[in-house]
Amino acid sequence: MKTSLSLLTKHVRQVFAASAAVSLLASNVAFAQQNEENETDPDLEERYEQIAVVGTRAAPRSVGESAVPIDIISDEEFKSQGATDMASMMQTVVPSFNVNDQPINDASTLVRPANLRGMASDHTLVLVNGKRRHRSAVITFLGGGLSDGAQGPDISVIPAAALKQVEVLRDGAAAQYGSDAIAGVINFVLKDADEGGSFEARYGSFYEGDGDMVQFSGNVGMPLTDAGFVNVTAEYRTADPTSRSVQRDDAAGLIAGGNTAVADPAQIWGSPEIKDDIKLFANLGLDLGNDSEAYLFGNYAEREVEGGFYYRNPHNRGGVNNGGIDEDGNQLLLVGDLTGDMSGNCPTDIQVGSNVLENPRYINEVANNPDCFAFNEILPGGFTPRFGGTVTDMSLVFGTRGEWVNEISYDVSVNLGQNEIEYAISNTINPSLGPDTPFEFAPGKYIQSEQTLDIDLTKPVDVGLYEPVYVSGGFQYRHETYESKAGDPDSYTIGPLAKQGFGIGSNGFPGLAPDSQGEVSRHNIAFYLDVESYLTETFMLAGALRYEDFSDFGNTTKGKIAFRWQAMESIAFRGAFSTGFKAPTLGQSNVRNVTTAFGTDGRLIDRATLPPTDPVSQLKGGEQLTPEESESITFGVVADFENGLFITADYYHIELTDRLSTASGISLTEEDIQTLLAQGITDASSFSEISFFTNDFDTTTEGVDVVANYSMEMLGGDTKFSLAYNWTDTTVDEASDNISSFRIRMLEDNLPSVRYSLTANHTNGDWRVLGRLNYYGSIYEDHLDSGLPIENIGSEMTLDLELGYDVSENFSVVLGAKNALDEYPDENTQWKGIAGSLYPTTSPIGINGGFYYVRGLYTF
């Protein structure tokens with residue numbers, strides 16, 4: 001267990017300083033309102049007595065009565081912000097939840113990885129109505145270091161309009177819920193009203209004048225006979241791309257040399273374009289009588305995303321234009337012979353100089369020679385691919401629950417889920433096809449499917465304690481399938497120029513060939529036992545034990561113990577110790593993929609991700625994957641004062657061993673390439689590096705979460721204050737040579753160690769004003785994941801503002817601004833010329849600046 005007492009002490013002081021500020025404000029207000037100091041604020045009471053289902057299988061507890069830290073986020077809190085995608089909305093309201101923009105980051109552009117309590121995105125278990133949510137088919141091969149190789153659920157398919165509330169359990173819970181719950185659990189609770197509804201229209205744009213966003217959403221509740229409900233939600237959204245780029249140095253050099261075909265900027269850094277983002281959710285319930293009910297809920301979602309990619313320089317892009325270097329160090333042009341029998345006598349020694357288009361030898365011997373070909377003829381300024389895909393997500397859960405006469409509660413359900421990603425890349429080529437190449441490709445698709453059967457039983461047993469002992473037990477069977485499907489033939493075809501040094505497959509994201517497609521499956525069974533009770537009026541104790549057996553790597557048993565002690569009328573202490581695990585996903589164990597990444601020499605490389613059991617991976621240290629194992633400690637205090645101030649402060653310590661991630665890029669030798677070719681991996685000659693999933697490092701993460709709330713009367717209306725504070729510190733304790741020093745630094749320092757938000761929400765008659773101050777501590781970035789470190793990305797503070805007016809009882813209008821003061825991260829002064837990125841791309845405040853929005857809401 002690492003030593004960080006001084007660092008912890010420093011941030012604990014910050015925590016209590018912030019808490020004291022809220023407490024002092026509360027005390028002053030209470031003193032000024034002596035005639036009301038003993039009254040209870042009904043809005044405040046309602047807020048802090050919200051009931052959470054997650055974290056316990058006994059009688060549901062309120063936030064303050066839980067033995068572990070839980071945040072309950074109401075639908076109103078989601079509405080009061082400028083963000084529209086679920087990951088960004090969660091970051092605003094959960095102290096240790098982080099997500100950043102993914103301007104150019106391969107599959108991460110499609111499903112942004114989010115992090116809870118400093119863990120990877122697939123270390124958080126996601127539930128909907130208490131049922132496990134299936135994974136995304138997207139594996140974030142480039143996940144900003146921390147989430148490299150993660151394969152978590154896609155929460156962006158959940159529309160905010162469908163939510164009654166969100167419960168965030170910030171504690172290890174694998175012993176209760178199974179694999180993935182190392183950092184915690186997020187439970188999205190769907191609306192269940194049988195009448196009424198709402199319709200919202202929203203428009204927003206960045207201060208820069210780009211990124212226009214339009215969203216329409218609606219929710220309606222209807223009765224299902226006299227004993228049930230149907231609640232349906234639909235959402236449609238589009239968002240234009242943004243650009244926060246400067247011209248690359250190499251592109252500027254080409255323009256200076258007279259190449260007028262180079263775009264300015266040649267490469268775009270910004271948010272991707274979101275096309276036709278459609279989300280549908282339905283939640284149904286029916287009372288069957290005799291204390292039982294049937295339920296059914298599910299969703300369908302589809303969205304198309306298209307983002308930028310790296311610029312291909314027309315002088316030196318490997319496999320396209322790069323003909324090597326002569327003995328004097330001059331860059332040569334790659335020229336192909338189109339004759340078929342190599343009778344064209346095409347030149348191999350043309351020096352590109354400052355502008356090869358003006359080189360007489362290129363003009364005479366290539367451009368005007370029908371037997372010879374260079375891509376400069378059809379792409380004189382180089383090219384920048386557009387990469388994206390279509391994400392399709394669907395689920396269906398149905399079951400029945402109730403209570404038998406002997407007080408045994410039951411819940412039996414079947415859960416079906418599927419996520420599919422169909423990749424697309426355009427404005428690119430298959431170099432090996434030469435002048436016959438198309439410019440758009442469908443490189444293939446990946447499909448994640450899951451089917452789950454749950455049987456849960458609970459019974460209170462009176463053994464003479466203050467409260468009955470709630471005993472819960474259950475069984476789960478889960479079957480998973482990961483399927484990869486080949487792309488269109490042009491995306492992987494080995495064209496006639498392949499043997500002459502031209503690259504194979506759609507450049508930037510080669511298509512999956514038929515001999516690499518396939519389907520893998522596994523199943524697992526689990527048994528669990530939970531026990532919870534108040535032993536005395538003030539002391540509650542809970543325990544959990546879970547056994548799981550996976551068909552592909554064996555079994556594991558995990559446990560948890562938690563307590564809550566009401567030490568004084570207003571002060572309670574709580575804590576937990578748990579062991580946890582995360583099973584390697586089928587995708588991580590079996591996927592084959594090629595990713596374009598930036599090399600340390602400033603040039604693009606193609607990095608192939610192979611299964612860890614592949615012979616070439618094993619030559620480089622690859623082994624059969626094993627589960628990640630964790631030990632987690634949480635200890636905290638809950639304070640609920642008579643003046644209305646409510647504070648929770650929780651310390652957590654997570655030791656995680658055998659962490660799963662992709663290995664840093666490993667260079668291939670010619671012998672390695674020949675081995676791959678012999679395996680039938682026909683495009684291996686295009687690879688510069690390989691990577692594979694590995695269990696090669698251990699970490700220790702600790703932190704403090706503080707949540708404080710207070711409500712008061714002021715300025716003729718009501719004001720609610722809330723503080724959400726987080727300090728997190730991660731240390732890589734042990735790592736193999738497969739994890740680079742830059743990756744280690746990203747794991748430790750790419751997330752802000754301190755983050756907090758202070759919100760004030762004031763209502764006065766028909767008016768509402770909200771202000772939110774957000775602070776993000778400094779971070780470290782390995783720019784472009786290529787060993788180009790940015791040492792000092794300074795701390796940032798942003799301000800969100802929102803003004804709302806109730807035009808009538810049913811219609812309200814809201815005008816707001818996210819990052820209202822238009823703050824940007826420190827400019828990327830050292831490396832921006834390499835790839836044109838003006839700002840550090842993993843900045844926690846994003847790279848787009850201020851965003852304004854207006855929305856109209858009609859309720860009925």
Side-chain angles (χ1 to χ4, degrees), residues 104 106 142 248-251 253-254 262 266-267 309-326 329-336 346 348-353 356 366 373-385 387 425 427-434 437 441 443 491-511 593-609 665-670 672-674 676-677 681-691 784-788 834-835:
I104 298 178
D106 204 75
L142 300 175
R248 293 168 48 129
D249 291 344
D250 60 344
L254 289 166
V262 178
Q267 182 171 320
F309 225 44
Y310 293 112
Y311 171 63
R312 272 64 173 159
N313 187 299
H315 282 178
N316 58 26
R317 169 55 177 155
V320 180
N321 312 95
N322 184 5
I325 305 293
D326 66 17
N330 297 307
Q331 176 68 55
L332 302 178
L333 182 67
L334 180 61
V335 179
C346 298
T348 59
D349 59 346
I350 293 178
Q351 298 176 7
V352 300
V356 74
V366 181
F373 173 77
F375 273 100
N376 307 70
E377 298 178 57
I378 58 176
L379 297 166
F383 61 100
T384 306
F387 174 74
I425 190 166
N427 197 41
T428 189
I429 56 176
N430 180 340
S432 69
L433 295 175
T437 180
F441 304 88
S491 70
Y492 58 79
T493 292
I494 303 174
L497 298 185
K499 293 182 179 180
Q500 300 179 44
F502 287 83
I504 300 168
S506 44
N507 190 266
F509 200 89
N593 184 73
V594 179
T595 298
T596 298
F598 228 81
T600 55
D601 60 356
R603 298 189 181 188
L604 295 178
I605 58 172
D606 288 334
R607 179 182 300 151
T609 301
I666 303 170
S667 298
L668 288 175
T669 65
E670 184 60 32
D672 296 331
I673 292 174
Q674 292 304 317
L676 287 169
L677 291 171
I681 303 176
T682 53
D683 56 347
S685 58
S686 299
F687 302 163
S688 301
E689 294 181 350
I690 67 159
S691 181
L784 307 176
D785 294 316
S786 61
L788 302 176
I834 292 180

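Just so you know, residue 1 is the first one in the sequence shown, and it goes up from there.
- Rounded to the nearest 0.5 Å, atoms OG1 (Thr384) and CG (Asn313) are 10.0 Å apart.
- Closest non-hydrogen pair, Pro443 versus Ile425, comes out as CG-CG2, 3.9 Å.
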Just distance, no hydrogens or angles: give the donor-acceptor pairs under 3.5 Å from side chains in residues 493-500, sequence neighbours left out.
{"from": "Thr493", "atom 1": "OG1", "to": "Pro489", "atom 2": "O", "distance (Å)": "2.4"}
{"from": "Gln500", "atom 1": "OE1", "to": "Asp337", "atom 2": "N", "distance (Å)": "2.7"}
{"from": "Gln500", "atom 1": "NE2", "to": "Asp337", "atom 2": "O", "distance (Å)": "3.1"}

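- With hydrogens and angles disregarded, a donor-acceptor distance shorter than 3.5 Å links the side chain of Asn376 to the backbone of Pro314.
- Once rounded to the nearest 0.5 Å, the distance linking OG1 of Thr669 with CD of Gln674 reads 9.5 Å.
- Going from atom OG1 of Thr609 over to atom CD1 of Ile690 covers 9.0 Å, rounded to the nearest 0.5 Å.
- In this structure, CD1 in Ile834 is found 9.0 Å from CZ in Arg248, a value given to the nearest 0.5 Å.
- For the residue pair Gly503 and Asn430, the shortest heavy atom distance occurs at O-OD1, 3.7 Å.
- With sequence neighbours left out, Phe373 forms a ring-ring contact (aromatic ring centres under 6.0 Å, His included) with Phe375.
- The line from CG of Asn321 to CZ of Phe383 is 7.0 Å long, rounded to the nearest 0.5 Å.
- Pairing each heavy atom of Gln267 with each of Tyr310, the nearest pair is NE2-CD2, 3.3 Å.
- Rounding to the nearest 0.5 Å gives a distance of 9.0 Å between CD1 of Ile350 and CG of Leu332.
- Across Asn322 and Gln331, no two heavy atoms sit closer than the pair OD1-NE2, 2.6 Å.
- What you find for Gly501 and Leu334 is that their closest heavy atoms are O-CD2, 3.8 Å.
- Scanning all heavy atoms of the two residues, the minimum distance from Phe309 to Arg312 falls at CD2-NH1, 3.9 Å.
- Remark: Ser491 engages Phe441, Asp488, Ser506 in a side chain to side chain contact (heavy atoms under 4.5 Å, CB included) (not counting sequence neighbours).
- Proximity of a side-chain donor or acceptor of Asn507 to a complementary backbone N or O of Thr428 within less than 3.5 Å is not detected.
- Of the possible donor and acceptor atoms, none in the side chain of Thr437 sits under 3.5 Å from a partner among the backbone N and O of Pro431.
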